[in-house]
Amino acid sequence: MMGEVYTNGKFSGSVDDARQFAQQVREERRKGVIPSNVNVHYSEKLDEVQIESGRGRARRPLIAVKDGRPMLTERHIKQLEKNEISWSDLVKQGIIEFLDAAEEENSFIAFFERDLTPEHTHLEISPLVMLGLATSLVPYGNFNQSTRLNAGSKNQKQALGFYAANYAVRMDMDVNILHTPQVPIVETIMNDISRYEKHPAGQNIIVAIMSYKGYNMEDAIILNQGSIDRGFGRSSYFRPSVAEELRYAGGLIDEISIPDKNVKGYKSEKDYKYLEEDGIIYPEAKFKEGDVVIGKTSPPRFLSSLDEYNLASSTRRESSVAAKHGEQGIVDFVLITESEEGNKLIQVRVRDERVPEIGDKFTSRHGQKGVVGLIVPQADMPFSASGIVPDLIFSPHGIPSRMTISHLIEMVAGKVGSLGGRKINGTTFDAEPEEKLRRELLELGFREDGFETMYNGQTGEIYRARIFIGNMYYLKLKHMVANKLHSRARGPIQLLTRQPTEGRAKEGGLRLGEMEKDTFVAHGASLLLKERFDSDKTTVLVCEGCGVIAIRDEFRKRSYCPICGDNAEISGIEVSYAFKLILDEFKSLGIYPKLMLESKY
Amino acid sequence: MSIYAEYANKIPKRVIDEVKDGVPESISESKLKKILDECVREYESSMVEAGEAVGLVSAESIGEPGTQMTLNTFHFAGVAEMNVTMGLPRVIEILDGRKSLTTPMMEIYLKKPYSKGENIRKLALAIKGTKLRDVASEFSIDMAENAIRVLLDKEKMKEIELTESSIGKSVQKSIKAYNVKLEDGMLALKSKSKEITLNELYKMKEKIKSMHLAGVKGVTQVLPVRREEEYIIITAGSNLKDVLEMEEVDATRTTTNDIFEIESVLGIEAARKAIIDEVFKVIESQGLNVDVRHIMLVADTMCTSGSVRGITRYGIVSQKSSVLARASFETPIKHIINASLIGEVDYLTSVVENVMINQPVPIGTGLPKLRMKKQNEN
């Protein structure tokens, strides 16, 4: 029996004993003869060996095991602690091996050291390695459903924090900085590994789980106005405006300056009020929507020979960068540089302070996200016997269906940590046990279950139920209402269809779609429906003779039909502009759409 | 009684009968009148008002629960049942008016002595359609003699009570261009003409594999099931006409899920009822709650033309009188071009057209019109 050997999918020879050969390759690899990025797989079914060394294989590190004993010893760990050896040394020595999916099939991997038998080939470094970076940031993650861990890690990626220490000199698009970020009290080992203290993304606050007048229904949360005043969740939003002096054919160039009054498309004097002589807004200017940030004019679009005789300067176009609809803020930083092509480039970074408001999104680290439903004055917030007022009230209905036990444990752990003045290790699979926390809480003079007697902030009455209250690490997420709020009563329309524009950026309307239309019909609200669709209504003149749209000549104050001429009987009808458009389209296709008019009454 | 006759045109007969049964014989005339007047009032108040958008309300009432239907195509209701298309795919299949179903099925009820369950297996097997391939174990081509040889499986033949000669006879009956001979457990089909290509021979071999020998054509599987004190036969594959002709079958209760078969065998009214029953069965099986009248309306629209038409651009929608309404459904270009070729006129009588041109739709408050008497000029 000859076993075949394939290297990176290509046949490269045959061996007598394929199984033993694969084992031999592994041993050579451990010795360092064969590079550590080679993986071997022995296929029992085909009796062949597949050797892979290509890129694109997902591999994971494991501790090699020999005769039921891990090759990683206490001595290695001590050396690691003293920084005498490093991870790559362990890999080189074959103590830590990276396995790909195929080689894993040939391995027998123990989860814990105590489970090891002589048959085992590898030992898991830690059960934590099954989680990614963001997921291992969730404290007490092993008490949760996996879906919640997914949600929790997803949420953390959207949290506002301290994303880069040099943010003040960067021109990032659409970024936020949390003003007073903190390191979590309940942390995981990943906080150390990822150096979380260098870029924290949340704040430790006091959370009470209770309902409050129904304003925290459906995942909403209640915030304490006092906490906000003291800086909870306060952040800044940065966004640059960019303008470049582009060069055009014929030696023409954009000019960054305060536009001249006779420039085509000149706005109004007060729109340019913040611009300095160089045509750029000054730092710390507090501007509102419509204000020009960078003044710019461009040469005329089509330069024909005729224009030469006209006044040359007056044909320049206004092309300033202005604050968009709903945009406001303070000019933070002005940067004047050159673009790659050597053009003058102006970047104006705008800052906007964002104080938490109703509709902003917050989350704990357990996938328990919610938007602010109400901000309550501190005086009206419930308080505990010791006078503690929660910063945030979370609804109890969020717990049972989602089964985020880690959320509850973090509250107890956070309470112990803040009262005891220490950090709590909440690493998944390796956390401080709940019983220990409870005991400590009891010693600190609190109920061991984390419940406390609370009082109604408005009436002073005692709540009949005890309230679960504790400390948590809360994150402000980047979805803020200020960036999303939108309404329209009147506004811009599309050129082609004369229907309202779409989208917040274009100050658009909200579409009353096909199915929404159906509800009007189902209610028999025929005239209301017509009114809703009046947004593009027009009066078109129709020649009653030939049924074609007639022409109105405003100069001569007369109407005529393009087919029948002046003596046609012409009447105006009210239809949607879109319908007029489709008639035009029919005509362009050579179809004659004839309108037959009759009296409505 | 004359009082009842008085109300005959005002309320349905069923209501009158119910009142008749409900009131004592000795009831006074005035009291009975009061009762019947109340019935009339109640009856009229439950009628749909003029201008109500019944079609749209039906569409919404079926469509909204439809979004909650599981997309699970097949399900097995117990071990003894067969694999049937259910859920949304089945509803779509019915309403589209598809001619060929994914899982055609029959429920055959039997007449009194047969429904007891004795010999039910035998009866079921008699219904099951047998093809030549079901009794053959091998098909081969004899190139030397231009013949096809079919090796017959004796055990299988015994099971369905067929003999070699009977098979040979029925094969000969349907294939005239070949001579069929029996050669020790083998069927030999020899071509009558000498000039025959191998290709033709091969095609014939494939053709005779699915030749119908016995039982009911189209029925591929049979399953006797006990249903409340009697035995019925559930089949996969459907052939209502042939089954109804069988002497043992109770023709009044036997059904199929193939609506077109019902239409051709039992007529359009039966097809309408079948549509209602089939759609309702699916909706009910999903645990949804839709009023039958919505489904009845859909079934009515599908059947009013006299034959079953699906709710597709080829079916019901192509019957709409308005060009704009048809164009706003599917394939607008086709409809516009055809309309322009024959000079179609759109009278703007329905909803979609009026939405398109921004006019009040003739539904609800848009329905009543003002009519004025012109003053006589004289």
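Bear in mind that the values here come from a model prediction, so they are computed numbers and not experimental data. We name chains A, B, ... by the order of the sequence lines, and we start the count at 1 in each one.
- Under 4.0 Å is where a charged nitrogen must lie from a carboxylate oxygen, and between A:Lys324 and A:Glu507 no such pair does.
- Between A:Glu585 and A:Lys580 there is no salt bridge, since no side-chain nitrogen of the basic residue lies less than 4.0 Å from a carboxylate oxygen of the acidic one.
- Remark: A:Asp553 does not engage A:Lys557 in a salt bridge, criterion side-chain N to carboxylate O under 4.0 Å.
- Taking both residues in full, the closest heavy atoms of B:Asn257 and B:Thr103 are given as ND2-O, 3.0 Å, listed atom of the first, atom of the second, then distance.
- Crowding of A:Met217 atom CE: a count of heavy atoms from other residues, nucleotides or ligands under 6.0 Å not exceeding 12.
- Contact annotation for residues 38-53 of chain B against chain A (heavy-atom separation below 4.5 Å, listed by residue number): B:Glu52, B:Ala53.
- Neither the backbone nor the side chain of A:Tyr577 comes within contact range of chain B, judged by heavy atoms closer than 4.5 Å.
- Residues A:Phe143 and A:Met403 are not in side-chain contact: their nearest non-hydrogen atoms beyond the backbone lie 4.5 Å or more apart.
- With hydrogens and angles left out, the side-chain atoms of A:Arg148 and A:Thr404 include no donor and acceptor closer than 3.5 Å.
- Salt bridge B:Lys281/B:Glu284: absent, no basic N to carboxylate O contact under 4.0 Å.
- With no hydrogens or angles considered, no side-chain donor-acceptor pair links A:Arg402 and A:Gln145 at under 3.5 Å.
- There is a side-chain donor-acceptor pair under 3.5 Å between B:Thr102 and B:Thr85.
- Contacts of A:Leu527 with chain B are made by both backbone and side-chain atoms, with heavy-atom separations under 4.5 Å.
- Using a 4.0 Å cut-off between a side-chain N of Lys or Arg and a carboxylate O of Asp or Glu, A:Asp360 and A:Lys478 do not qualify as a salt bridge.
- Ranked by non-hydrogen atom pairs under 4.5 Å with chain B, the options A:Asp536, A:Leu589, A:Ile573, A:Val575 are led by A:Val575.
- Interface remark: A:Lys517 contributes side-chain atoms only to the contact with chain B (heavy atom separation under 4.5 Å).
- Taking 4.5 Å as the limit, some side-chain heavy atom of A:Phe362 sits within range of a side-chain heavy atom of A:Ile221.
- Among residues 7-15 of chain B, no residue has any heavy atom closer than 4.5 Å to a heavy atom of chain A.
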In sequence, state the C-alpha distance, the side-chain angles, and the governing distance for A:Lys530 and A:Glu574, and then conclude on side chain to side chain contact (heavy atoms under 4.5 Å, CB included).
CA-CA 11 Å; A:Lys530 182 189 173 289; A:Glu574 206 175 71; 3.7 Å; yes
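- Counting heavy-atom pairs closer than 4.5 Å to chain B, the top-ranked of the candidates A:Ile591, A:Asp518, A:Ile582, A:Leu529 is A:Asp518.
- Counting only N and O atoms by type, the side chains of A:Thr519 and A:Glu516 include no donor and acceptor under 3.5 Å apart.
- Proximity to chain B (any heavy atom under 4.5 Å) is shown, for A:Ala522, by both the backbone and the side chain.
- Crowding of A:Arg532 atom CZ: a count of heavy atoms from other residues, nucleotides or ligands under 6.0 Å not exceeding 12.
- Among residues 300-328 of chain B, the residues having any heavy atom closer than 4.5 Å to a heavy atom of chain A are, in sequence order, B:Leu324.
- In this structure, A:Arg488 and A:Thr501 have side chains that are in contact, with non-hydrogen atoms separated by less than 4.5 Å.
- Scanning residues 332-365 of chain B against chain A with a 4.5 Å non-hydrogen threshold yields B:Ile336, B:Ser340, B:Val345, B:Val351, B:Val355, B:Met356, B:Ile357, B:Asn358, B:Gln359, B:Pro360, B:Val361, B:Ile363, B:Gly364, B:Thr365, sorted by number.
- Between B:Phe260 and B:Leu101 there is no side-chain heavy-atom pair separated by less than 4.5 Å.
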A:Lys369 and A:Asp219: side chain to side chain contact (heavy atoms under 4.5 Å, CB included), yes or no, with the steps?
CA-CA 7 Å; A:Lys369 57 178 186 263; A:Asp219 281 346; 5.9 Å; no
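- Ionic pairing of A:Lys587 and A:Asp584 is present here: one or more N-O contacts between side-chain nitrogen and carboxylate oxygen are shorter than 4.0 angstrom.
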